[in-house]
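Only one structure is covered here, and it is reproduced in the block below.
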Amino acid sequence: AFNADAVPQAPEDPLFGLMAAYKRDTDPNKVDVGVGAYRDDNAKPWVLPVVKKADDLLRADPNLNHEYLPIAGLAEFTTASQKLILGADSPAIKDKRVTSLQTVSGTGAVHLGALFLSKFYKPSSKRTVYFSDPTWPNHFQIFSNVGLSYKTYPYFSKETRGLNFDGVIDTLQNADEGSIIVLHACAHNPTGVDPTQEQWKKIAEVIRAKKHFPFFDTAYQGFASGDLARDGWAIRYFIEQGFELCIAQSYAKNFGLYGERAGCFHFVTAPSSDAQSTVIRVASQLAILQRSEISNPPAYGARIASLILNDPTLFAEWERDLKTMSGRIIDMRKALRTKLEELGTPGTWNHITDQIGMFSFTGLTEEQVLKVREDSHVYMTKNGRISMAGLNKHNIDYFAKAVDKAVK
Ligand SMILES: Cc1ncc(COP(=O)(O)O)c(CN[C@](O)(C(=O)O)[C@@H](O)C(=O)O)c1O
């Protein structure tokens, strides 16, 4: 007998709880700056025009069916995904040192990587995973679920509201040799603070010196700078430096395929004479894990993304759609900073425009976050993160006044 009555109540997921609370709120002025999902200037979800076009093409295909995909997913999708994040001229692709599997979005890729490492990365010795503090909250439970213990490296400086670079370096320097280091490739969630290229080079030096293993999580390529190659710079630099690493790649945001769960996992091995046979063995073990977890990944989102990634005209249109999203977010950053400065809201607000990507780490305290929710029906995560795409011409004045009221 199971005695399910012994199962304890789990806490509600903070983010999905916030989304549900927002949906329940009937106040006409309510503002959702919670979930990291793009909204247009009317606070509506935005189906990228290029995704609509790809959808029409897909539905017009008379050979379209609902057969299983291979365990590793749609090959034209994973191949195109490698080129997108590594660069078409990547030495890792040329040397066939990378293997990729289509996953259940970014979460599935982080999980598959964590599961693989828990089984094969220095299994006989103590392994520690390091996350930035703060990080995407789901990182903790994904890695704990596969039995890997974790610590954090300081990442955000409250004083400068920028990167605590010394904190990063010192902690990685003093971490046990050969730790797994989870790094946000660009548009850090939740802080919107990224290392400069010079700082990335120093971080790579420490990771090399300590024989750490880099695990990149990229969920916002194209959102940080609006330029896909630039947003992939850190990963490409590490590859140039010859690192062996993992990459979890989400297409939720940059294709707006949130609920279709389109993503990819890449394992890159270091240059060596038997790199290709290593990658083939790694691929075989990843396939066994994927088979037991999901058997094979969902087809629709990958087909849409693959059509766009593999067609130069659609790709160019996608880049324009990306600029529409990243451009509107930047406009909202400028507008919000200006409004808060005009209101004389206590504190400085340059970090709203200094930070990049989808989120702003406002600096609001937990009680101010609760206050802005109770008084003004504004929904942001309790760490003070706001998803800039939740703001628009119609609500930004109201939002700025709500923050001003909570902070004063
Ligand atoms: C750093 C990071 N990595 C991976 C993911 C997973 O994304 P998916 O599985 O949908 O591809 C997110 C999404 N994080 C959120 O945008 C966020 O609001 O933080 C939200 O979708 C979430 O799941 O929490 C993320 O921010």
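Counting starts at 1 for both ligands and their atoms, following the listed order.
For ligand 1, the polar-atom distance check against Gly106 finds a nitrogen or oxygen pair separated by under 3.5 Å. Residue His184 has no nitrogen or oxygen atom sitting less than 3.5 Å from a nitrogen or oxygen atom of ligand 1, judged on distance alone. Residue Val110 has no nitrogen or oxygen atom sitting less than 3.5 Å from a nitrogen or oxygen atom of ligand 1, judged on distance alone. By the 3.5 Å distance cut-off applied to N or O atoms, His139 is not counted among the residues near ligand 1.
Looking at atom 3 (N) of ligand 1, its nearest protein heavy atom turns out to be Asp217 OD2, 2.7 Å. Atom 20 (C) of ligand 1 has its closest protein heavy atom at Leu15 CD2, 3.7 Å.
The backbone N or O of Ala252 sits nowhere less than 3.5 Å from a side-chain atom of Glu260 that would complete a donor-acceptor pair. Thr365 contributes a side-chain N or O that, together with a main-chain N or O of Gln368, makes up a donor-acceptor pair within less than 3.5 Å.
Which of Tyr220, Trp136, Tyr258, Tyr251 comes nearest to atom 23 (O) of ligand 1 through a heavy atom is settled by distance: it is Trp136.
Cation-pi geometry between Arg385 and Phe359 is met: the NZ or CZ atom falls under 6.0 Å from the ring centre, inside 45° of the normal.
More than 12 non-hydrogen atoms from other residues, nucleotides or ligands lie less than 6.0 angstrom from NZ of Lys126.
Note on ring orientation: taking the six-membered ring where Trp is involved, the planes of Tyr237 and Trp233 are parallel (angle under 30°, cut-offs 30° and 60°).
Met358 does not count as a contact of ligand 1, since none of its heavy atoms falls under 4.0 Å from the ligand. Using a 4.0 Å cutoff on heavy atoms, Lys253 counts as a contact of ligand 1.
Between Thr196 and Glu198, the side chains place no donor N or O within less than 3.5 Å of an acceptor N or O (distance only, hydrogens not considered).
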